[in-house]
Q: 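Structure in structure tokens, see below.
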Number of protein chains: 2
Amino acid sequence: MGRWEPNARGRLEEAALELFAEHGYDQTTVAQIADRAGLTERTFYRHFADKREVLFGGGTVLEEALAAAVREAPAEAAPYDVVAEALVRAASFLDEQRRDHAPRRQAVIEAHAELRERELGKMAAWVSTLADGLRERGVEPRLADLIAETGVAVFRTAFATWVTDTRAQDLRSLLREAFADLRAATAG
Amino acid sequence: MGRWEPNARGRLEEAALELFAEHGYDQTTVAQIADRAGLTERTFYRHFADKREVLFGGGTVLEEALAAAVREAPAEAAPYDVVAEALVRAASFLDEQRRDHAPRRQAVIEAHAELRERELGKMAAWVSTLADGLRERGVEPRLADLIAETGVAVFRTAFATWVTDTRAQDLRSLLREAFADLRAATAG
DNA sequence: CTACGTGATGTCAGACCCTGTCATCGGCGT
DNA sequence: ACGCCGATGACAGGGTCTGACATCACGTAG
């Protein structure tokens, strides 16, 4: 055991989520979050770049999973399928690891424009990751961007349903359906 | 003529763009912007909700154009084509009205994550507008979201090329090509 | 066993963002 | 002339975020 209580970062995340849910994002100050976690405001900023970021800590896991999925896809797979499959893998991860946590978190995010914007920024980073992966597979740069953007757009709609409808199917299935729907809509 | 110099809002926008380009977004304070425009910081906040918003003033024009385009589309048109055509119309507007202004503005935006996030937020508003329009045409809600998200994703890639490559074609053509490319990629 | 380095935290000061409130001033209608 | 109205100025203050320095327990070298 160290000098301090362990898992300061985790305590801050939990305290923040509770306070945001109780009093709202705007009405919660960083000092209050730090207080509830038994720390000071300054220490909060040593763990998170800004107040919003406390809700987006685990983002890198998904991003690395996407990069790996693109890298490991069979060489002969079409770019669109590579992206779709990578996102389906990410969806499976969320199904298994975040089924309970996600709706609670998402309710806070959707209630505030600032947080929605940050969420969009995180997904834009996925686009870059996916597009980079495609380019390394020899896909033409323009097309890589186009397919990555589209894939994440599809993911967003499936994700929206998943976190809104608690009784909805698993994200993996929703995502596969959405990809199929898009194929049908564009073919029309 | 009134008591004050006319077009305070326009002067603030111009001053901000200049200062952001010269010294960077972070290094520019709202007080400096107001100063250059011959106003005070408090007045800046009467014209813009926050510091970022000074770069996104003309956003409603496009949003209304999108809504109108969806409303006026022929009843028998497929949802995907309705969205594509609405975005092409918005692209034409940018080609004609913003060809010179856009790259200068975009250079500032791309240099700062905060501003990129705000831009994503604006485009997310387009998604809502388009999806609302489709729903009013009787498109199933889920599908409306999916198509609106995808359409704006395609727009983003064409827009990125347009503002980056000054020698690129007009946005309207780039967008049409991107929609065709996506159709080809998903058909594969 | 003592001394020193290390890493996470605390303390403090300060710049900047943004808001609420009240005062000011010129134009406009009566 | 009078008073209303709308844009602006002036001022105070809370919240966000950063830089600089101090503190304290633990590990390790000597």
Side-chain angles (χ1 to χ4, degrees), chain A residues 1-57 108-109 111-119 121-122, chain B residues 1-57 108-109 111-119 121-122:
Chain A
M1 292 301 116
R3 170 187 177 193
W4 305 278
E5 298 299 313
N7 195 24
R9 189 187 176 91
R11 275 183 292 141
L12 286 168
E13 287 173 345
E14 184 57 29
L17 193 51
E18 288 171 10
L19 287 168
F20 291 165
E22 285 175 33
H23 309 305
Y25 176 79
D26 294 327
Q27 312 312 317
T28 304
T29 69
V30 173
Q32 289 168 355
I33 299 170
D35 250 30
R36 180 170 296 202
L39 296 165
T40 64
E41 184 179 341
R42 189 68 185 86
T43 296
F44 177 96
Y45 286 107
R46 290 200 177 92
H47 286 278
F48 303 101
D50 57 45
K51 183 180 171 186
R52 291 171 240 165
E53 197 63 16
V54 71
L55 285 172
F56 297 89
V108 174
I109 291 176
H112 299 276
E114 257 185 23
L115 296 171
R116 287 197 302 272
E117 283 184 5
R118 174 60 53 90
E119 172 117 308
K122 294 294 177 181
Chain B
M1 289 303 113
R3 168 184 176 195
W4 306 278
E5 297 300 314
N7 194 23
R9 189 187 176 90
R11 275 182 291 143
L12 286 167
E13 287 172 348
E14 184 57 28
L17 193 52
E18 288 171 12
L19 286 167
F20 292 165
E22 284 174 34
H23 310 303
Y25 177 79
D26 295 327
Q27 311 312 317
T28 304
T29 70
V30 173
Q32 288 168 356
I33 298 169
D35 250 28
R36 180 169 297 202
L39 297 165
T40 63
E41 184 178 345
R42 189 65 185 88
T43 296
F44 177 97
Y45 286 107
R46 290 200 176 94
H47 286 279
F48 303 101
D50 58 45
K51 183 180 171 185
R52 290 172 241 168
E53 199 63 16
V54 71
L55 285 172
F56 297 89
V108 173
I109 292 176
H112 299 276
E114 257 185 24
L115 297 172
R116 287 197 301 272
E117 284 184 5
R118 174 60 54 90
E119 172 118 308
K122 294 293 178 180

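Below, chains carry the letters A, B, ... as their sequence lines are ordered, and counting in each starts from 1. Small disclaimer: the values here were computed from a predicted structure and weren't measured.
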Q: For Glu53(A), is there an ion pair with Arg118(A) - N to carboxylate O distance below 4.0 angstrom?
A: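 The answer is yes: the pair qualifies as a salt bridge.
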Q: So does Lys122(B) pair up with Glu117(B), basic N to acidic O under 4.0 Å?
A: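 No salt bridge links Lys122(B) with Glu117(B).
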Q: Take atom CG of Leu12(A) and atom C1' of dA8(C), then tell me their distance rounded to the nearest Å.
A: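 Spelled out: CG on Leu12(A) to C1' on dA8(C) is 13 Å.
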Q: Are the charged groups of Glu5(A) and Arg11(A) less than 4.0 angstrom apart, N to O?
A: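 Here Glu5(A) does not pair with Arg11(A) in a salt bridge, since their nearest N and O are not under 4.0 Å apart.
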Q: Just by modelled atom types, is the Gly24(B) backbone N or O under 3.5 Å from a matching donor or acceptor in the Thr28(B) side chain?
A: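 Yes, because the side chain of Thr28(B) sits within donor-acceptor range (under 3.5 Å) of the backbone of Gly24(B).
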Q: Which whole-number value in Å describes the distance from His47(B) NE2 to dA7(D) P?
A: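 Going from His47(B) (NE2) to dA7(D) (P), I get 8 Å.
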Q: Rounding to an integer number of Å, can you tell me how far Arg46(A) CZ sits from dG10(C) C1'?
A: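 Whole-Å distance recorded here is 8 Å.
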Q: So, is the end of the Lys51(A) side chain (NZ or CZ) under 6.0 Å from the ring centre of Tyr45(A) and within 45° of the ring's axis?
A: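 So Lys51(A) doesn't make the cation-pi contact.
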Q: Considering only heavy atoms, which members of residues 30-44 of chain B lie under 4.0 Å from some atom of DNA chain D?
A: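 Those residues are Gly38(B), Leu39(B), Thr40(B), Arg42(B), Thr43(B).
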Q: Just to verify, what does Glu13(A) make a salt bridge (charged side-chain N to carboxylate O under 4.0 Å, His left out) with, not counting sequence neighbours?
A: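 Partners of Glu13(A) under the salt bridge (charged side-chain N to carboxylate O under 4.0 Å, His left out) test: Arg9(A).
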Q: Can you tell me the distance, in whole Å, between the CD atom of Glu114(A) and the P atom of dC18(C)?
A: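 Rounded to the whole Å, the gap is 9 Å.
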Q: Once you round it to whole Å, what is the distance between P of dC17(C) and CD of Gln27(B)?
A: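 After rounding, the gap between these two atoms is 11 Å.
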Q: Between P on dG15(D) and OH on Tyr45(B), what's the gap in Å once rounded to a whole number?
A: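 Distance check: Tyr45(B) OH to dG15(D) P gives 17 Å.
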